2 protein chains.
Amino acid sequence: MTRVLVVDDEPQILRALGINLRARGYDVDLAPDGEHALTLAAGHHPDVVVLDLGLPGIDGVEVIRGLRGWSTVPIVVLSVRDGERDKVLALDAGADDYVTKPFGMDELLARLRAALRRATPAEEEPVVETADFTIDLGAKRVHRGGTEVRLTPTEWHLVEVLVRHQGKLVSQRQLLQEVWGPEYHDETAYLRVHMANVRRKLEPEPSRPRYFFTEPGMGYRFETSS
Amino acid sequence: MTRVLVVDDEPQILRALGINLRARGYDVDLAPDGEHALTLAAGHHPDVVVLDLGLPGIDGVEVIRGLRGWSTVPIVVLSVRDGERDKVLALDAGADDYVTKPFGMDELLARLRAALRRATPAEEEPVVETADFTIDLGAKRVHRGGTEVRLTPTEWHLVEVLVRHQGKLVSQRQLLQEVWGPEYHDETAYLRVHMANVRRKLEPEPSRPRYFFTEPGMGYRFETSS
DNA sequence: AAGGTTCTTGACGCACTCTTGACGCGGACC
DNA sequence: GGTCCGCGTCAAGAGTGCGTCAAGAACCTT
């Protein structure tokens, strides 16, 4: 299901958007200000963000910057301000689209679809096969020796990031930011524990990895011998 | 250079956009209607398309469909129509953004930048090859004679800085600051030891370097003979 | 409210990397 | 021709990072 994060300080707009989007089958998170927005984004990894510019506390443009620091999620900005300067600032900060209030729900939905379409460029999700297991990125499943292996959400996320960068070294910092969020960039202990769990579930000899390699001091790398 | 295709049936707008975009360093194609637009797009493969909806002949939405049949180039729609239905139709046909006339040039430019930024995701890191080894900056790995060479974090960092400044002299001070941090600017002993290790791992004759040269009193230089 | 997962956190041992000092060599300068 | 400085080499000790295990906390489901 597609996850949308909606950020707006006006409760009635927040509610209206929540109802409308859920009616269309989206999975919706609601945030009344920038702080909540960044926290929710880090935890739930939305597929698209709808962001009001006029927020109490952190400014909307700051929220864009905060998100762009570690994520490429599409951001659709809502604003009562029709000023050209605001639009330019928001777009150059990394927003993907700018809609002026008042707006029609149909237009907003169309813009969301456009943003989502761009972000998911019709790529079919690859299936990665190794001699010991099969990873289906689209179905989010892993098979090993005929049966399915259950990965916890964290483990899956870790595997997903590494497999998508197949062959490349992924730095500890990048892994932590993608899986746990930007404020966890130095919790390397998490990585060690969860990588150990992943290896125990997937590697034939967990203490002698054939697929999930450690590059000491730098990060991890997924590689198939083929 | 970035190529922009502008499609509009009003000559003065076409001219104005052409002048403005060229002044910003874009390479601009101009088309007064849908037929010319599709022909130019097929021939010149623009990086982004600015498209007016109200065209004589083929309708703007048809132009979008025509382009989307074979291209994923970002399309920014211009229109005097502010109707919600038009926006929804255009966006769902495959447009990336919708700007209502009259618009400010700064806003349009910001939207173009946003569209281009999305379309150009990860530029890839170069791979540097020499007769004796291969350095993949993106994957952070080094191959030599078929097998992989393991570099420690410090060694890799050193190699990376030198290789990214390929052919140029990198001062000891700069190397120390980039690898160890600003307060280590005079620990030249570190450089000597680690450069020796790098050479032992990569140079065919470590004591007679062919790639990692010392410039006495100044710094180091990476150079491939090719 | 209870049970089961999953995540977090701390402790420990091992391996490896970095740092540091000693030494030799060669060129520059006096 | 002698001295000095910068560089390369080597080796040893200190420090760090990693894997592993286990226990408690937090979370979700029923």
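Bear in mind that the values here come from a model prediction, so they are computed numbers and not experimental data. The sequence lines fix the lettering, A, B, ..., with proteins before strands; numbering per chain opens at 1.
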Please tell me if [X] has a side-chain N or O lying less than 4.0 Å from either OP1 or OP2 of [N].
{"X": "B:T214", "N": "D:dG8", "answer": "yes"}
{"X": "B:Y220", "N": "D:dG6", "answer": "no"}
{"X": "B:T154", "N": "C:dC18", "answer": "yes"}
{"X": "B:H194", "N": "C:dT19", "answer": "yes"}
{"X": "A:W180", "N": "C:dC7", "answer": "no"}
{"X": "B:T152", "N": "C:dC18", "answer": "yes"}

Between B:Y190 and B:W180, what is the ring plane arrangement, given parallel below 30°, perpendicular above 60°, and tilted in between? tilted

Distance check needed: [N] [atom2] versus [X] [atom1], whole Å only.
{"X": "B:Y190", "N": "D:dG6", "atom1": "OH", "atom2": "P", "value": "18 Å"}
{"X": "A:E205", "N": "D:dT20", "atom1": "CD", "atom2": "C1'", "value": "17 Å"}
{"X": "B:M195", "N": "D:dG8", "atom1": "CE", "atom2": "C1'", "value": "11 Å"}
{"X": "B:R199", "N": "D:dC10", "atom1": "CZ", "atom2": "C1'", "value": "16 Å"}
{"X": "A:Y184", "N": "C:dT9", "atom1": "OH", "atom2": "C1'", "value": "13 Å"}
{"X": "A:F212", "N": "D:dC18", "atom1": "CZ", "atom2": "P", "value": "17 Å"}
{"X": "A:E155", "N": "C:dC7", "atom1": "CD", "atom2": "P", "value": "6 Å"}
{"X": "B:R192", "N": "D:dG8", "atom1": "CZ", "atom2": "P", "value": "7 Å"}

Would you please say whether a donor-acceptor pair under 3.5 Å links the side chains of B:Y211 and B:T224? no

Whether A:R68 and A:D96 form a salt bridge (side-chain N of Lys/Arg under 4.0 Å from carboxylate O of Asp/Glu) is what I want to check. yes

From the set C:dT6, C:dT19, D:dC21, return the single nucleotide nearest to any side-chain atom of A:R200. D:dC21

Which listed nucleotide (D:dC18, D:dT20, C:dT5) is nearest to the side chain of A:Q172? D:dC18

Within the 4.0 Å heavy-atom criterion, would you say [X] contacts the bases, only the backbone, or no part of the nucleic acid?
{"X": "A:S207", "result": "sugar-phosphate"}
{"X": "A:E215", "result": "nothing"}
{"X": "B:R208", "result": "nothing"}

Between A:H36, A:R3, A:H44, which is the residue that forms a side-chain hydrogen bond (donor to acceptor under 3.5 Å, both in side chains) with A:D29? A:H44

Distance flag, aromatic centroids of B:W156 and B:H194, threshold under 6.0 Å: no

